[in-house]
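All ligand and atom numbering here is 1-based and tracks the order in the structure. Since the structure is predicted, the reported quantities are computational estimates derived from the model, not experimental observations.
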Amino acid sequence: VDARPGCVGLLGGGVIGAGWAARFLLNGSDVRLYDPDPETGRKLGEVLANARHAAGLLLRAPLPAEGALELVGSPEAAADGADFVQESAPEREDLKRELLRRASRAAGRDVVIASSTSGLLPSRLQLDMEHPQRLCVGHPFNPVYLLPLVEVLGGAATSPGTVERAAAVYRDAGMHALVLDHEIDGFLADRLLESMWREALWLIADGTATVAQIDDAMAFGPGLRFAAMGTFLTYRVAGGEAGIRHFMAQFGPSLKWPWSRLTDVPELDDALLDRLVEQSDEQAGGRSLRELERLRDDSLIAVLSALRERDTTAGAVIAEHERALARRAGTAVTRALVADGAGAARLLEDAVAAELRELASDGALVERECRRRVIAEPAAGEALDLASRVTHADGVVHVTLELRRAGVVAATAEHVFRSLDTSSERYG
Ligand SMILES: NC(=O)c1ccc[n+]([C@@H]2O[C@H](COP(=O)([O-])OP(=O)(O)OC[C@H]3O[C@@H](n4cnc5c(N)ncnc54)[C@H](O)[C@@H]3O)[C@@H](O)[C@H]2O)c1
(Lines give C-alpha, C1' and ligand atoms only; values in the text may rest on other atoms or scores of the structure.)
Protein backbone atom coordinates (compact mmCIF):
# COMPACT_ATOMS: atom_id res chain seq x y z
CA VAL A 1 0.00 0.00 0.00
CA ASP A 2 1.42 3.39 -0.97
CA ALA A 3 1.28 5.60 2.10
CA ARG A 4 3.11 8.52 0.50
CA PRO A 5 1.01 11.70 0.74
CA GLY A 6 0.79 13.59 -2.55
CA CYS A 7 0.71 16.86 -0.65
CA VAL A 8 1.68 17.59 2.97
CA GLY A 9 0.44 20.70 4.75
CA LEU A 10 2.95 22.05 7.27
CA LEU A 11 2.14 24.55 10.01
CA GLY A 12 5.34 26.18 11.26
CA GLY A 13 8.66 26.15 9.42
CA GLY A 14 11.23 26.67 12.18
CA VAL A 15 13.90 24.13 13.13
CA ILE A 16 11.48 21.21 13.13
CA GLY A 17 9.02 22.37 10.44
CA ALA A 18 11.91 22.96 8.02
CA GLY A 19 13.24 19.49 8.84
CA TRP A 20 9.83 17.99 8.02
CA ALA A 21 9.67 20.01 4.81
CA ALA A 22 13.04 18.57 3.78
CA ARG A 23 12.12 14.98 4.65
CA PHE A 24 8.78 15.08 2.82
CA LEU A 25 10.09 16.96 -0.23
CA LEU A 26 13.06 14.62 -0.63
CA ASN A 27 10.72 11.64 -0.41
CA GLY A 28 8.58 12.96 -3.22
CA SER A 29 5.65 14.71 -1.51
CA ASP A 30 4.68 18.28 -2.37
CA VAL A 31 4.70 20.60 0.65
CA ARG A 32 2.53 23.60 1.41
CA LEU A 33 3.90 25.48 4.40
CA TYR A 34 2.54 28.27 6.56
CA ASP A 35 4.78 30.29 8.88
CA PRO A 36 4.25 33.99 9.70
CA ASP A 37 8.02 34.63 9.86
CA PRO A 38 9.08 36.54 6.71
CA GLU A 39 12.51 34.86 6.90
CA THR A 40 10.98 31.41 6.43
CA GLY A 41 11.86 31.08 2.74
CA ARG A 42 15.54 31.78 3.29
CA LYS A 43 15.79 29.44 6.30
CA LEU A 44 13.99 26.66 4.45
CA GLY A 45 16.37 27.01 1.51
CA GLU A 46 19.36 26.60 3.81
CA VAL A 47 17.96 23.60 5.65
CA LEU A 48 16.91 21.97 2.38
CA ALA A 49 20.45 22.43 1.03
CA ASN A 50 21.84 20.65 4.10
CA ALA A 51 19.23 17.89 3.76
CA ARG A 52 20.03 17.30 0.06
CA HIS A 53 23.71 17.15 0.92
CA ALA A 54 22.96 14.63 3.70
CA ALA A 55 20.70 12.43 1.55
CA GLY A 56 23.30 12.43 -1.22
CA LEU A 57 25.97 11.22 1.20
CA LEU A 58 23.82 8.68 3.02
CA LEU A 59 21.43 6.99 0.62
CA ARG A 60 22.44 4.40 -1.95
CA ALA A 61 19.04 4.13 -3.58
CA PRO A 62 17.48 6.77 -5.80
CA LEU A 63 15.06 9.14 -4.13
CA PRO A 64 11.92 9.96 -6.13
CA ALA A 65 11.66 13.28 -7.94
CA GLU A 66 11.71 16.00 -5.29
CA GLY A 67 8.32 17.44 -4.39
CA ALA A 68 7.39 21.10 -4.93
CA LEU A 69 7.50 23.58 -2.06
CA GLU A 70 4.95 26.36 -1.77
CA LEU A 71 4.83 28.97 1.00
CA VAL A 72 1.26 29.97 1.82
CA GLY A 73 -0.29 32.79 3.82
CA SER A 74 -2.58 31.00 6.28
CA PRO A 75 -3.00 27.70 8.13
CA GLU A 76 -6.18 27.13 6.09
CA ALA A 77 -4.25 27.41 2.82
CA ALA A 78 -1.70 24.85 4.09
CA ALA A 79 -4.35 22.35 5.22
CA ASP A 80 -6.88 22.72 2.40
CA GLY A 81 -6.42 19.87 -0.07
CA ALA A 82 -3.46 18.34 1.84
CA ASP A 83 -3.31 14.54 2.30
CA PHE A 84 -1.48 14.84 5.63
CA VAL A 85 -0.91 17.78 7.97
CA GLN A 86 1.99 18.22 10.41
CA GLU A 87 2.01 21.08 12.92
CA SER A 88 5.38 22.33 14.23
CA ALA A 89 4.54 25.70 15.78
CA PRO A 90 6.03 26.99 19.08
CA GLU A 91 5.47 24.78 22.11
CA ARG A 92 2.48 26.69 23.53
CA GLU A 93 -0.77 24.88 24.07
CA ASP A 94 -3.04 27.87 23.35
CA LEU A 95 -1.23 28.69 20.11
CA LYS A 96 -1.20 25.07 18.92
CA ARG A 97 -4.87 24.54 19.78
CA GLU A 98 -5.90 27.59 17.78
CA LEU A 99 -3.80 26.51 14.79
CA LEU A 100 -5.14 22.96 14.93
CA ARG A 101 -8.69 24.26 15.21
CA ARG A 102 -8.27 26.35 12.08
CA ALA A 103 -6.47 23.62 10.16
CA SER A 104 -9.12 21.05 11.11
CA ARG A 105 -11.83 23.21 9.52
CA ALA A 106 -9.94 23.49 6.26
CA ALA A 107 -8.57 19.95 5.92
CA GLY A 108 -10.62 17.06 4.53
CA ARG A 109 -12.45 15.29 7.38
CA ASP A 110 -10.36 12.09 7.10
CA VAL A 111 -7.00 13.81 6.74
CA VAL A 112 -4.65 12.97 9.61
CA ILE A 113 -3.32 16.00 11.47
CA ALA A 114 -0.19 15.36 13.51
CA SER A 115 1.58 17.61 16.01
CA SER A 116 5.35 17.69 16.52
CA THR A 117 4.91 18.71 20.16
CA SER A 118 7.71 17.55 22.43
CA GLY A 119 5.41 16.76 25.31
CA LEU A 120 1.97 18.43 25.25
CA LEU A 121 -0.82 15.91 25.56
CA PRO A 122 -2.79 15.05 22.41
CA SER A 123 -6.00 14.80 24.48
CA ARG A 124 -5.70 18.53 25.12
CA LEU A 125 -4.44 19.53 21.69
CA GLN A 126 -7.51 18.02 20.02
CA LEU A 127 -10.09 19.74 22.27
CA ASP A 128 -11.07 22.55 19.86
CA MET A 129 -10.74 20.60 16.62
CA GLU A 130 -13.34 19.57 14.15
CA HIS A 131 -13.20 15.76 13.76
CA PRO A 132 -10.68 15.46 16.63
CA GLN A 133 -10.38 11.69 16.08
CA ARG A 134 -7.76 12.36 13.35
CA LEU A 135 -5.30 14.20 15.62
CA CYS A 136 -2.20 12.45 16.87
CA VAL A 137 1.27 13.39 18.02
CA GLY A 138 4.20 12.65 15.69
CA HIS A 139 7.18 13.75 17.76
CA PRO A 140 10.38 13.76 15.68
CA PHE A 141 14.03 14.38 16.54
CA ASN A 142 16.31 17.03 15.18
CA PRO A 143 17.50 16.84 12.38
CA VAL A 144 14.18 15.47 11.19
CA TYR A 145 15.55 14.65 7.72
CA LEU A 146 18.22 12.34 9.17
CA LEU A 147 17.10 10.80 12.45
CA PRO A 148 14.56 8.03 11.92
CA LEU A 149 12.74 8.16 15.26
CA VAL A 150 9.23 9.60 15.50
CA GLU A 151 7.03 8.90 18.54
CA VAL A 152 3.40 8.44 17.55
CA LEU A 153 0.52 8.54 20.01
CA GLY A 154 -3.11 9.51 20.17
CA GLY A 155 -5.27 11.27 22.75
CA ALA A 156 -8.58 10.30 24.33
CA ALA A 157 -10.55 11.15 21.18
CA THR A 158 -8.04 9.76 18.64
CA SER A 159 -9.12 6.77 16.56
CA PRO A 160 -6.71 3.82 16.31
CA GLY A 161 -6.76 4.20 12.51
CA THR A 162 -5.29 7.70 12.83
CA VAL A 163 -2.19 6.46 14.64
CA GLU A 164 -1.77 3.65 12.11
CA ARG A 165 -2.09 5.98 9.15
CA ALA A 166 0.37 8.50 10.57
CA ALA A 167 2.84 5.69 11.30
CA ALA A 168 2.51 4.46 7.70
CA VAL A 169 3.19 7.94 6.32
CA TYR A 170 6.31 8.28 8.50
CA ARG A 171 7.56 4.80 7.55
CA ASP A 172 7.14 5.60 3.89
CA ALA A 173 9.37 8.64 4.43
CA GLY A 174 12.06 6.37 5.89
CA MET A 175 11.34 6.76 9.60
CA HIS A 176 10.97 4.45 12.57
CA ALA A 177 7.48 5.10 13.95
CA LEU A 178 7.53 4.20 17.64
CA VAL A 179 3.85 3.87 18.53
CA LEU A 180 3.20 4.55 22.22
CA ASP A 181 0.30 2.89 24.00
CA HIS A 182 -0.14 5.57 26.63
CA GLU A 183 -0.35 9.32 26.63
CA ILE A 184 2.17 10.71 29.09
CA ASP A 185 3.79 14.15 29.64
CA GLY A 186 7.08 14.29 27.76
CA PHE A 187 6.39 10.95 26.01
CA LEU A 188 9.25 8.44 26.15
CA ALA A 189 12.45 9.83 24.68
CA ASP A 190 12.17 13.30 26.16
CA ARG A 191 11.52 11.92 29.62
CA LEU A 192 14.79 10.05 29.36
CA LEU A 193 16.61 13.05 27.92
CA GLU A 194 15.06 15.35 30.49
CA SER A 195 16.49 13.37 33.37
CA MET A 196 19.96 13.76 31.87
CA TRP A 197 19.35 17.44 31.16
CA ARG A 198 18.24 18.18 34.74
CA GLU A 199 21.23 16.35 36.14
CA ALA A 200 23.51 18.30 33.77
CA LEU A 201 22.02 21.62 34.91
CA TRP A 202 22.67 20.68 38.53
CA LEU A 203 26.28 19.87 37.73
CA ILE A 204 26.65 23.36 36.22
CA ALA A 205 24.69 25.04 39.02
CA ASP A 206 26.84 23.32 41.66
CA GLY A 207 30.02 24.27 39.78
CA THR A 208 30.99 20.58 39.67
CA ALA A 209 31.69 20.38 35.94
CA THR A 210 31.71 22.60 32.84
CA VAL A 211 29.46 22.47 29.79
CA ALA A 212 32.31 20.98 27.74
CA GLN A 213 33.17 18.32 30.36
CA ILE A 214 29.55 17.22 30.57
CA ASP A 215 29.28 16.94 26.79
CA ASP A 216 32.55 14.99 26.58
CA ALA A 217 31.30 12.60 29.25
CA MET A 218 28.48 11.68 26.90
CA ALA A 219 29.98 11.96 23.40
CA PHE A 220 33.23 10.05 24.00
CA GLY A 221 31.65 7.02 25.64
CA PRO A 222 28.01 6.35 26.47
CA GLY A 223 26.77 8.39 23.48
CA LEU A 224 28.55 6.12 21.03
CA ARG A 225 27.03 3.09 22.69
CA PHE A 226 23.54 4.58 22.62
CA ALA A 227 23.61 4.56 18.81
CA ALA A 228 23.71 0.77 18.90
CA MET A 229 21.57 -0.09 21.90
CA GLY A 230 19.52 1.51 24.63
CA THR A 231 19.97 1.43 28.40
CA PHE A 232 18.55 -2.03 29.03
CA LEU A 233 20.46 -3.97 26.41
CA THR A 234 23.62 -2.07 27.32
CA TYR A 235 23.32 -2.94 31.02
CA ARG A 236 22.45 -6.53 30.21
CA VAL A 237 25.73 -6.80 28.33
CA ALA A 238 27.50 -4.93 31.13
CA GLY A 239 26.35 -7.65 33.51
CA GLY A 240 28.69 -10.04 31.70
CA GLU A 241 27.83 -13.71 31.42
CA ALA A 242 25.73 -13.57 34.55
CA GLY A 243 23.35 -11.21 32.72
CA ILE A 244 20.85 -8.60 33.78
CA ARG A 245 19.97 -10.14 37.17
CA HIS A 246 23.61 -10.02 38.17
CA PHE A 247 23.84 -6.46 36.91
CA MET A 248 20.90 -5.43 39.02
CA ALA A 249 22.39 -7.12 42.07
CA GLN A 250 25.72 -5.40 41.50
CA PHE A 251 24.41 -1.92 40.79
CA GLY A 252 21.08 -2.10 42.59
CA PRO A 253 22.43 -0.70 45.87
CA SER A 254 23.68 2.44 44.09
CA LEU A 255 20.05 3.41 43.52
CA LYS A 256 20.09 4.38 47.19
CA TRP A 257 23.37 6.30 46.91
CA PRO A 258 23.48 10.01 46.09
CA TRP A 259 24.26 9.44 42.38
CA SER A 260 21.52 11.74 41.20
CA ARG A 261 19.74 14.90 42.20
CA LEU A 262 16.69 14.09 40.14
CA THR A 263 14.30 14.54 43.02
CA ASP A 264 14.86 18.25 42.73
CA VAL A 265 15.49 20.83 39.95
CA PRO A 266 17.92 23.77 40.00
CA GLU A 267 16.63 27.34 39.98
CA LEU A 268 17.12 28.71 36.45
CA ASP A 269 18.28 32.12 37.74
CA ASP A 270 20.42 34.67 35.88
CA ALA A 271 23.61 33.45 37.50
CA LEU A 272 23.08 29.89 36.25
CA LEU A 273 22.02 31.09 32.81
CA ASP A 274 25.06 33.38 32.49
CA ARG A 275 27.44 30.65 33.49
CA LEU A 276 25.87 28.21 31.07
CA VAL A 277 25.81 30.66 28.15
CA GLU A 278 29.41 31.75 28.69
CA GLN A 279 30.66 28.16 28.75
CA SER A 280 28.54 27.20 25.79
CA ASP A 281 29.90 30.11 23.70
CA GLU A 282 33.41 29.08 24.59
CA GLN A 283 32.66 25.50 23.58
CA ALA A 284 31.23 26.60 20.21
CA GLY A 285 34.46 28.50 19.52
CA GLY A 286 32.87 30.92 17.05
CA ARG A 287 31.46 28.22 14.74
CA SER A 288 28.17 29.22 13.09
CA LEU A 289 24.87 27.39 13.44
CA ARG A 290 25.10 26.01 9.89
CA GLU A 291 28.70 24.90 10.46
CA LEU A 292 27.69 23.03 13.60
CA GLU A 293 24.71 21.51 11.77
CA ARG A 294 26.99 20.22 9.00
CA LEU A 295 29.35 18.77 11.59
CA ARG A 296 26.41 17.09 13.32
CA ASP A 297 24.92 15.80 10.06
CA ASP A 298 28.17 14.47 8.58
CA SER A 299 28.96 12.69 11.84
CA LEU A 300 25.45 11.24 12.02
CA ILE A 301 25.78 10.03 8.44
CA ALA A 302 29.01 8.25 9.32
CA VAL A 303 27.34 6.56 12.30
CA LEU A 304 24.18 5.67 10.34
CA SER A 305 26.24 4.24 7.47
CA ALA A 306 28.18 2.05 9.86
CA LEU A 307 24.98 0.86 11.56
CA ARG A 308 23.47 0.09 8.16
CA GLU A 309 26.28 -2.39 7.42
CA ARG A 310 25.34 -4.18 10.65
CA ASP A 311 21.64 -3.96 9.72
CA THR A 312 20.88 -2.81 13.26
CA THR A 313 18.78 -0.09 14.99
CA ALA A 314 18.65 3.15 12.97
CA GLY A 315 20.87 1.57 10.29
CA ALA A 316 18.26 -1.11 9.65
CA VAL A 317 15.65 1.62 9.08
CA ILE A 318 17.90 3.29 6.48
CA ALA A 319 18.53 -0.06 4.75
CA GLU A 320 14.81 -0.79 4.61
CA HIS A 321 14.05 2.65 3.24
CA GLU A 322 16.67 2.19 0.54
CA ARG A 323 15.19 -1.15 -0.48
CA ALA A 324 11.72 0.41 -0.70
CA LEU A 325 13.07 3.31 -2.76
CA ALA A 326 14.97 0.98 -5.08
CA ARG A 327 11.89 -1.23 -5.54
CA ARG A 328 9.85 1.80 -6.47
CA ALA A 329 12.45 3.04 -8.92
CA GLY A 330 13.04 -0.48 -10.29
CA THR A 331 16.78 -0.25 -9.61
CA ALA A 332 19.22 -2.32 -7.60
CA VAL A 333 20.44 -1.27 -4.18
CA THR A 334 24.06 -2.05 -3.38
CA ARG A 335 25.45 -2.42 0.09
CA ALA A 336 28.84 -3.24 1.48
CA LEU A 337 29.32 -6.21 3.77
CA VAL A 338 32.07 -8.30 5.22
CA ALA A 339 32.20 -12.07 4.63
CA ASP A 340 31.88 -13.86 7.95
CA GLY A 341 33.23 -17.22 6.82
CA ALA A 342 29.81 -18.85 6.45
CA GLY A 343 29.97 -18.83 2.65
CA ALA A 344 28.31 -17.10 -0.27
CA ALA A 345 25.12 -19.19 -0.17
CA ARG A 346 24.35 -18.08 3.40
CA LEU A 347 25.02 -14.41 2.59
CA LEU A 348 22.61 -14.64 -0.34
CA GLU A 349 19.99 -16.41 1.77
CA ASP A 350 20.23 -13.70 4.45
CA ALA A 351 19.78 -11.03 1.79
CA VAL A 352 16.69 -12.73 0.36
CA ALA A 353 15.28 -13.08 3.87
CA ALA A 354 15.80 -9.34 4.45
CA GLU A 355 13.90 -8.52 1.26
CA LEU A 356 11.09 -10.91 2.20
CA ARG A 357 10.70 -9.46 5.67
CA GLU A 358 9.81 -6.20 4.03
CA LEU A 359 7.48 -7.71 1.46
CA ALA A 360 5.69 -9.79 4.10
CA SER A 361 3.21 -6.97 4.74
CA ASP A 362 1.96 -7.46 1.18
CA GLY A 363 0.69 -10.97 2.07
CA ALA A 364 2.05 -14.50 2.02
CA LEU A 365 4.70 -15.37 -0.58
CA VAL A 366 5.42 -18.86 -1.90
CA GLU A 367 8.73 -19.67 -3.53
CA ARG A 368 8.36 -21.02 -7.07
CA GLU A 369 11.91 -20.99 -8.35
CA CYS A 370 15.42 -20.49 -7.06
CA ARG A 371 18.65 -20.47 -9.08
CA ARG A 372 21.90 -19.94 -7.25
CA ARG A 373 25.41 -19.88 -8.67
CA VAL A 374 28.59 -19.63 -6.63
CA ILE A 375 31.64 -18.83 -8.74
CA ALA A 376 34.12 -18.10 -5.99
CA GLU A 377 33.74 -18.40 -2.22
CA PRO A 378 34.74 -15.22 -0.37
CA ALA A 379 37.29 -15.63 2.40
CA ALA A 380 36.27 -14.71 5.94
CA GLY A 381 36.86 -11.02 6.58
CA GLU A 382 36.80 -10.11 2.89
CA ALA A 383 34.98 -6.90 1.90
CA LEU A 384 32.07 -7.52 -0.50
CA ASP A 385 29.34 -5.66 -2.35
CA LEU A 386 25.84 -7.05 -2.52
CA ALA A 387 23.46 -5.70 -5.15
CA SER A 388 19.81 -6.62 -4.79
CA ARG A 389 16.95 -5.84 -7.07
CA VAL A 390 13.32 -6.62 -6.40
CA THR A 391 10.54 -6.35 -8.94
CA HIS A 392 6.93 -6.93 -8.09
CA ALA A 393 4.25 -7.28 -10.77
CA ASP A 394 1.00 -9.22 -11.14
CA GLY A 395 1.52 -11.12 -7.89
CA VAL A 396 4.99 -12.32 -8.96
CA VAL A 397 8.05 -11.16 -7.08
CA HIS A 398 11.56 -11.50 -8.55
CA VAL A 399 14.54 -11.09 -6.24
CA THR A 400 17.88 -10.90 -8.04
CA LEU A 401 21.12 -10.76 -6.06
CA GLU A 402 24.72 -10.33 -7.06
CA LEU A 403 27.63 -10.72 -4.68
CA ARG A 404 30.85 -9.03 -5.83
CA ARG A 405 34.45 -9.19 -4.63
CA ALA A 406 36.52 -6.20 -5.76
CA GLY A 407 33.91 -5.54 -8.44
CA VAL A 408 33.99 -9.10 -9.83
CA VAL A 409 30.87 -11.28 -9.53
CA ALA A 410 31.43 -14.06 -6.98
CA ALA A 411 27.88 -15.45 -6.65
CA THR A 412 24.37 -14.79 -7.92
CA ALA A 413 20.89 -15.83 -6.93
CA GLU A 414 17.52 -15.45 -8.56
CA HIS A 415 14.32 -16.16 -6.69
CA VAL A 416 10.77 -16.11 -7.98
CA PHE A 417 7.87 -15.90 -5.53
CA ARG A 418 4.13 -15.80 -6.06
CA SER A 419 1.97 -13.97 -3.61
CA LEU A 420 -0.66 -16.24 -2.21
CA ASP A 421 -4.18 -14.93 -2.24
CA THR A 422 -5.35 -16.54 0.98
CA SER A 423 -9.01 -16.03 0.09
CA SER A 424 -8.90 -18.27 -2.99
CA GLU A 425 -5.89 -20.56 -2.55
CA ARG A 426 -4.84 -22.75 0.35
CA TYR A 427 -1.41 -23.33 1.81
CA GLY A 428 0.33 -26.64 1.08
N1 LIG B 1 13.84 21.74 18.40
C2 LIG B 1 13.75 20.46 18.70
O3 LIG B 1 14.74 19.78 18.90
C4 LIG B 1 12.40 19.79 18.70
C5 LIG B 1 12.36 18.38 18.58
C6 LIG B 1 11.12 17.75 18.49
C7 LIG B 1 9.95 18.49 18.55
N8 LIG B 1 10.01 19.85 18.71
C9 LIG B 1 8.73 20.56 18.74
O10 LIG B 1 8.49 21.10 17.46
C11 LIG B 1 7.73 22.30 17.57
C12 LIG B 1 8.47 23.43 16.89
O13 LIG B 1 9.71 23.60 17.52
P14 LIG B 1 10.96 24.28 16.79
O15 LIG B 1 12.16 23.83 17.53
O16 LIG B 1 10.87 24.07 15.34
O17 LIG B 1 10.70 25.82 17.14
P18 LIG B 1 11.11 27.09 16.26
O19 LIG B 1 11.00 28.25 17.16
O20 LIG B 1 12.41 26.85 15.56
O21 LIG B 1 9.99 27.16 15.14
C22 LIG B 1 8.68 27.52 15.38
C23 LIG B 1 8.17 28.22 14.13
O24 LIG B 1 6.79 28.44 14.26
C25 LIG B 1 6.50 29.69 13.69
N26 LIG B 1 5.23 30.20 14.20
C27 LIG B 1 5.00 31.07 15.20
N28 LIG B 1 3.67 31.27 15.33
C29 LIG B 1 3.07 30.49 14.39
C30 LIG B 1 1.72 30.27 14.01
N31 LIG B 1 0.71 30.87 14.64
N32 LIG B 1 1.47 29.44 12.99
C33 LIG B 1 2.47 28.81 12.34
N34 LIG B 1 3.76 28.97 12.65
C35 LIG B 1 4.05 29.80 13.68
C36 LIG B 1 7.70 30.55 14.03
O37 LIG B 1 7.79 31.65 13.12
C38 LIG B 1 8.84 29.57 13.87
O39 LIG B 1 9.37 29.58 12.56
C40 LIG B 1 7.51 22.51 19.07
O41 LIG B 1 6.27 21.97 19.43
C42 LIG B 1 8.65 21.72 19.70
O43 LIG B 1 8.33 21.28 20.99
C44 LIG B 1 11.21 20.51 18.76
Side-chain angles (χ1 to χ4, degrees), residues 8-24 31-48 50-51 69-80 82 85-107 113-126 128-129 135-153 155 166 170 173 175-178 180 183-194 196-197 200 280 289-290 292-293 296-297 300:
V8 177
L10 295 181
L11 310 171
V15 172
I16 294 303
W20 278 121
R23 188 174 273 276
F24 283 123
V31 166
R32 242 182 271 147
L33 186 144
Y34 166 67
D35 190 309
D37 179 0
E39 290 287 297
T40 300
R42 175 188 57 79
K43 292 183 194 164
L44 274 175
E46 289 175 11
V47 173
L48 199 49
N50 271 0
L69 171 66
E70 190 190 343
L71 297 183
V72 296
S74 69
E76 287 81 6
D80 183 20
V85 175
Q86 180 85 34
E87 169 276 313
S88 313
E91 189 77 341
R92 276 180 32 211
E93 187 180 314
D94 55 340
L95 187 150
K96 282 189 189 289
R97 274 171 63 171
E98 173 60 9
L99 257 183
L100 292 166
R101 183 189 70 79
R102 288 175 64 178
S104 71
R105 296 175 146 214
I113 302 181
S115 170
S116 299
T117 177
S118 300
L120 299 175
L121 297 180
S123 286
R124 296 191 56 81
L125 292 178
Q126 66 197 162
D128 309 323
M129 284 175 65
L135 180 280
C136 68
V137 164
H139 174 231
F141 292 78
N142 193 34
V144 179
Y145 53 81
L146 265 185
L147 291 185
L149 183 61
V150 54
E151 294 176 305
V152 190
L153 60 147
Y170 296 136
M175 303 182 87
H176 179 77
L178 180 64
L180 304 186
E183 178 176 44
I184 172 179
D185 289 297
F187 317 139
L188 266 198
D190 277 352
R191 279 185 96 94
L192 297 171
L193 291 176
E194 184 69 13
M196 199 153 58
W197 178 233
S280 174
L289 168 69
R290 300 294 170 221
L292 290 171
E293 281 178 348
R296 175 201 62 193
D297 288 2
L300 278 174

Element-labelled atoms of ligand 1 that are located less than 4.0 Å from some non-hydrogen atom of [X]:
X	value
Pro140	5 (C), 6 (C)
Asp37	37 (O)
His139	6 (C), 7 (C)
Ser116	7 (C), 8 (N), 9 (C), 10 (O)
Leu99	30 (C), 32 (N), 33 (C)

Arg191: salt bridge (Lys or Arg N to Asp or Glu O under 4.0 Å) partners, not counting sequence neighbours: none
Nearest atoms (heavy-atom pairs only) where [X] meets [Y]:
X	Y	value
Val31	Ala21	CG2-O, 4.1 Å
Leu180	Glu151	CD1-OE2, 4.2 Å
Leu95	Pro90	CD2-CD, 4.0 Å
Gly17	Leu33	O-CD1, 4.4 Å

Backbone or side chain, does any N or O of [X] fall under 3.5 Å from an N or O of ligand 1?
X	result
Ala89	yes
Glu91	yes
Ser118	yes
Ile16	yes

Got a donor-acceptor contact below 3.5 angstrom from the Arg32 side chain to the Asp80 backbone? yes
Whether the side chain of Glu87 engages the backbone of Ala103 through a donor-acceptor N/O pair (distance < 3.5 Å, no angle test) should be reported. no
[atom]: the protein heavy-atom neighbour that sits closest, reported with distance to 0.1 Å:
atom	answer
atom 3 (O) of ligand 1	Asn142 CB, 3.7 Å
atom 21 (O) of ligand 1	Gly14 CA, 3.2 Å
atom 39 (O) of ligand 1	Asp35 OD2, 2.6 Å

Specify whether the nearest protein heavy atom to atom 34 (N) of ligand 1 is under 4.0 angstrom away. yes
Hey, does Tyr34 sit under 4.0 Å from ligand 1 if you only count heavy atoms?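 Under 4.0 Å: yes for Tyr34.
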Less than 4.0 Å is my threshold; does some heavy atom of Lys96 fall inside it relative to ligand 1? yes
Could you pull out, from Val15, Asp190, Val137, the option with a heavy atom nearest to atom 18 (P) of ligand 1?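 Ranked by closest heavy atom to atom 18 (P) of ligand 1, first place is Val15.
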Ignoring hydrogens, just give me the one of Gly19, Gly12, Pro90, Gly17 whose non-hydrogen atom is nearest atom 26 (N) of ligand 1. Pro90
Side chain to side chain contact (heavy atoms under 4.5 Å, CB included) assessment of Ile16 paired with Val144: CA-CA 7 Å; Ile16 294 303; Val144 179; 3.9 Å; yes
Rounded to the nearest 0.5 Å, what separation is found between the CG atom of Leu10 and the CD atom of Glu70? 12.0 Å
What distance separates Lys96 NZ from Glu91 CD, expressed to the nearest 0.5 Å? 5.0 Å
With sequence neighbours excluded, tell me which residues meet ring pair (Phe, Tyr, Trp, His ring centres under 6.0 Å) with Phe187. His139
